[in-house]
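Presented below is the structure to which this report refers.
In the text below, chain A, chain B and the rest are named by the order of the sequence lines, each starting its count at 1.
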Amino acid sequence: MITQAIFRAIDRKAIWLVSILLLVAVAVPAANLIIPPGQFGHIPVYLVTLFGKYLTYAMLALALDLVWGYCGILSLGHGAFFALGGYAMGMYLMRQVGDRGVYANPDLPDFMVFLNWQELPWYWLGFDNFWFACAMVMLVPGTLAFIFGFLAFRSRVTGVYLSIMTQAMTYALLLAFFRNDMGFGGNNGLTDFKEILGASVQADTTRAALFAATAVGLAISVLICSTIVNSKLGKVMIAVRDAESRTRFLGYRVEYVKLFAFTVSAVIAGVAGALYVPQIGIINPGEFAPANSIEVVIWTAVGGRGTIIGPIIGAVLVNVGKSYFTGAFPEIWLFALGALFVVTTLFLPKGIVGLIGQYRTMTTRREQHQRPEPTEHKPASDVQPKPAE
Amino acid sequence: MTEKIDTMLYLDGVSVAFDGFKAINKLSIIVHPAEMLAIIGPNGAGKTTMMDIITGKTRPDDGEILFNGRTDLTQLDEAAIANLGIGRKFQKPTVFESQTIWDNLEMALRKPRGIFATLFYASDQADVDHITEILETVRLLSRKDDLAADLSHGQKQWLEIGMLLAQDPKLLLVDEPVAGMTDAETVETAKLLKQIAKTRSVVVVEHDMSFVRDLDSRVTCLAEGSVLAEGSLEQVSANPHVIERYLGR
Ligand SMILES: Nc1ncnc2c1ncn2[C@@H]1O[C@H](COP(=O)(O)OP(=O)(O)OP(=O)(O)O)[C@@H](O)[C@H]1O
Ligand SMILES: [Mg+2]
């Protein structure tokens, strides 16, 4: 049953995308580690990490697209799930520091010693274990999304009200994580990591491995998302997006459809955050900033929502642009981003991918016109399909 | 008087008010198993609102609504009511425009509606045959891979009727099915609905009198949220109140 669903999802596009990602997962680390510096084809380690960061953003955008593009839930708080996954990984990395911190306390991270805490708070227990931390990376964002979604979707909060609630959620978490007594390092967050799974986080090999893990993680996310959207449940999600009330009258529980998409999406976002933190080397409350979540929406819109590849393209392109602009003309980046969003909304409602799709339908329609019309019986009032608007 | 338990749909003393305006006023209607009931009445009589109440979209302020003689519909939501076996076609045809005609029917097909059952659903030959048969009945087979948005108004009506068939309900509530159809299609629709009513209960709302005549069923005329007249089409259309309030205008 499950294998059938996965096989159906593996259409040509998904195969291509997954193959490219797996190729990238091998090729980029190889180009860094095997090709010596200075020779053609060598990718310096800072670029490996930068690309790795883009791919975690791509994963976050894909997660958002699952709820926004396919299910019509415009979440303006997806950065919260990303940050929570990041914090869970950050907690593991903090515990790995051990007694190599400034205060050389074997149990307590530096910021706790600084605050004069005597012992580790209960919610930090277990995070010295990598697998426990990995479970939390998925469980914490997933549980939050489940509870939030259960309450919101059951009371039929939709549209702009839901968006505002998600924005409020990430803002509330921002304020909470800023507090020192929350036990997550307050303003400074978690940083000065030393090791992950016994390997130095600074080592080239570790960075290459983290990049490979991110590319594979994105490939798995693509498989999960395309399995969902190509299933009948994916069709029902689109039905909910387009005509929510009608879907109820067919007997589908719209609130559960949304809850499923929202929770899966939050888990993917959490994993993306967990892959982001060891590569960037820090997680702080700034990741909960509402503006971050809104940026994710822009990446997704620019790439093309309601497609699997769109958000990935959008996240990578916009962030390449951001890296360039913030280096070359830092003061105009926000204007450029705003302008990009306006242009996309006005002229490219389906994003970059939609533009390619439009070109393709134009050419196939032309081909169809050259073929003779089918001659089977049709009811008298039958009209020809409207030409593309 | 019929026993409640023998009815498919039983409405007794149902009322609903919107901001003090009584859209439905002590409405009582009975539909038997395998029976067709045509409902006529002026604009704003409350015909659509009645369907909203039965299908759980609107909560009645007062009154009793039973399905199949037992189930109290006032306590259930839209999805639960649909899953009991009540299908509805909307006055404004509502199909899933961005999806193909085939997918519209596949979603409507009577199958487990749970999240994981839907996620791992794989159509078997019986399902494919069933959808194909429905597509033939509603004459959309040649359009099965087209988007629903590309259909004409009348064809969307057909598609929505097809979705009703796929749902395989015990009770069909059909709101103005022939709006936008040609005369020939209207005749076909009447035939199809009569065929369906051999095994299921059907409630049809329509303003097209020749269509109602073709249905050849019991007729109820609503006005201002209550029953104005009941009986055969001849009896109802001869009723002086009906002539004054509806037909004579
Ligand atoms: N949700 C609502 N809020 C306020 N008023 C409503 C609502 N739904 C219906 N009404 C009012 O109730 C009355 C009955 O409307 P309804 O749509 O049921 O009429 P109808 O008999 O279906 O008419 P038509 O033949 O034009 O379709 C109308 O006056 C309408 O404005
Ligand atoms: Mg109406």
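A heavy-atom distance below 4.5 Å is not found between the side chains of A:L233 and B:Y121. Taking 4.5 Å as the limit, every side-chain heavy atom of A:R248 sits out of range of all side-chain heavy atoms of B:K57.
The backbone N or O of B:T94 lies less than 3.5 Å from a partner atom in the side chain of A:R246, making a donor-acceptor pair. At least one donor-acceptor pair closer than 3.5 Å links the side chain of B:N83 to the backbone N or O of A:G251. When atom types are taken as modelled, the side chain of A:Y252 and the backbone of B:M107 share a donor-acceptor pair closer than 3.5 angstrom. No donor-acceptor pair under 3.5 Å is formed between the side chain of B:E78 and the backbone N or O of A:S245. Remark: side-chain polar atoms of B:R113 are paired, donor with acceptor, to backbone N or O of A:L250 under 3.5 angstrom.
Taking B:T55, B:I115, B:I81, B:D77 one by one and counting their heavy-atom pairs under 4.5 Å with chain A, the maximum is reached by B:I115. Heavy-atom pairs under 4.5 Å with chain A were tallied for B:M163, B:E160, B:E188; the largest tally goes to B:E160. When the candidates B:E106, B:H153, B:R88, B:K111 are compared by the number of heavy-atom contacts under 4.5 Å with chain A, B:E106 comes out ahead.
Within a 6.0 Å radius of NZ in A:K350, other residues, nucleotides and ligands contribute 12 heavy atoms or fewer. Counting heavy-atom neighbours within 6.0 Å of B:D183 CG, excluding the residue itself, gives a total of 12 or less.
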Practice task
Carefully, step by step, assess B:I86 and A:F249 under the rule side chain to side chain contact (heavy atoms under 4.5 Å, CB included).
Solution key: CA-CA 9 Å; B:I86 299 184; A:F249 290 107; over 6 Å; no

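Across every non-hydrogen atom of A:K232 and B:T118, the tightest pair is CB-O, 3.5 Å.
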